Q: 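One structure coming up, written as structure tokens, with questions to follow.
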Protein chains: 2
Amino acid sequence: MVDDSEKMLLAYAGKRIRETRAAQGLSLEQLARLTGISGPALSLIETGKRDPRLTTLKRIADALRVAPATLIADGPVTIEPSLTATSGGYDLGEYQ
Amino acid sequence: MVDDSEKMLLAYAGKRIRETRAAQGLSLEQLARLTGISGPALSLIETGKRDPRLTTLKRIADALRVAPATLIADGPVTIEPSLTATSGGYDLGEYQ
DNA sequence: GACGATCTTACCTTTAAAGATAACAAGCCT
DNA sequence: AGGCTTGTTATCTTTAAAGGTAAGATCGTC
């Protein structure tokens with residue numbers, strides 16, 4: 001991670017996560033329990049100091065009941081649900 | 001990474017990356033040079049065998065000239081550009 | 001001012017992402 | 001068949017994410 005735009009994305013995603021969490025009245029510790037991610041790790045992510053893995057982002061998005069994409073898009077996101085999508089989205093029968 | 005839905009997200013994102021790359025007539029090696037990500041690493045990501053970091057996803061998205069969110073959303077994505085957004089989006093003056 | 005809740009930071013360990021390189025597997029083409 | 005391109009897989013090293021724990025910092029509130 002060297003690029004400025006990468007730091008900005010991390011800061012932005014962290015801000016979105018914190019906003020979404022706050023909007024639901026969740027404490028950082030509560031989100032930690034919901035996601036299985038430690039409090040310190042969540043704090044680092046929300047403050048843009050850590051570069052989370054994609055599945056880490058997904059665990060947070062799931063706990064907050066939003067699509068992962070909404071946490072990194074720079075504006076309101078409209079996701080057109082695919083017709084074949086199951087509850088979790090991402091309809092690939094057995095990962096293919 | 002234990003969850004099935006996480007594997008599905010990785011497989012799905014990889015598929016989207018590969019589709020986008022193919023649509024632009026880029027070889028894996030060309031994308032590797034554009035992103036600075038090694039060929040083997042890209043191959044693992046595109047086949048859903050690796051859990052990329054958020055900034056890794058961004059480097060790929062940038063090279064493919066799409067928003068990072070489009071690579072993980074399970075359907076067509078509409079991102080409403082924020083009025084204050086600069087070219088790169090993510091308008092946070094000095095990462096705040 | 002002491003207390004509690006909430007978040008941050010530091011330190012340590014374990015695990016895995018990422019780069020490099022090399023070997024291997026298909027396809028394709030003449 | 002031989003070479004060429006393209007992608008996959010394996011091994012190794014370095015770096016950093018993630019968990020745990022504990023120590024600070026910043027608040028409100030009593």
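To find a chain, count down the sequence lines: A is the first, B the second, and so on, and within it residues start at 1. Note that the coordinates shown come from a computational prediction; the quantities given were computed from them, not determined experimentally. Note that these values count all heavy atoms, side chains included, but never hydrogens, waters or copies made by symmetry.
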Q: In terms of hydrophobic clustering (I, L, V, M, F, W, Y; side-chain heavy atoms under 4.5 Å; direct or indirect links), are B:L44 and B:L57 co-clustered?
A: no
Q: Using OP1 and OP2 only, check whether a side-chain N or O of B:R59 sits under 4.0 Å from C:dG19.
A: yes
Q: Take atom CD1 of A:I45 and atom C1' of D:dA18, then tell me their distance rounded to the nearest Å.
A: 8 Å
Q: What is the distance from CZ of B:R50 to P of D:dT11, rounded to the nearest Å?
A: 14 Å
Q: Output, in order, the C-alpha distance, side-chain angles, deciding distance and verdict of side-chain contact (heavy atoms from CB on, under 4.5 Å) for B:R16 and B:I72.
A: CA-CA 8 Å; B:R16 292 279 287 240; B:I72 63 174; over 6 Å; no
Q: Considering only heavy atoms from C-beta outward, does the side chain of A:P52 approach that of A:L10 to under 4.5 Å?
A: yes
Q: Send over the distance from B:L10 CG to C:dA17 P, rounded to a whole Å.
A: 9 Å
Q: Between A:R21 and A:L28, which heavy-atom pair has the shortest distance, and what is it?
A: NH1-N, 3.0 Å
Q: Considering all heavy atoms of both residues, which atom of A:S38 and which atom of A:A32 are nearest to each other, and what is their separation?
A: C-CB, 4.1 Å
Q: Whole angstroms only, please: what is the CG-P distance between B:L54 and D:dA18?
A: 10 Å
Q: Considering all heavy atoms of both residues, which atom of B:L64 and which atom of B:I17 are nearest to each other, and what is their separation?
A: CD1-O, 4.0 Å
Q: Tell me whether the OP1 or OP2 atom of C:dT21 has a side-chain N or O from B:S38 closer than 4.0 Å.
A: no
Q: Between atom NZ in A:K58 and atom C1' in D:dA18, what is the gap in whole Å?
A: 18 Å
Q: Can you check the B:R53 CZ to C:dA16 P distance for me, whole Å?
A: 13 Å
Q: Can you check the B:I37 CD1 to D:dT8 P distance for me, whole Å?
A: 15 Å
Q: Assign a letter to each nucleotide of nucleotides 3-11 of chain C from its 5' end: B, base within under 4.0 Å of a protein heavy atom; S, sugar-phosphate only; -, no contact.
A: ----SSB--
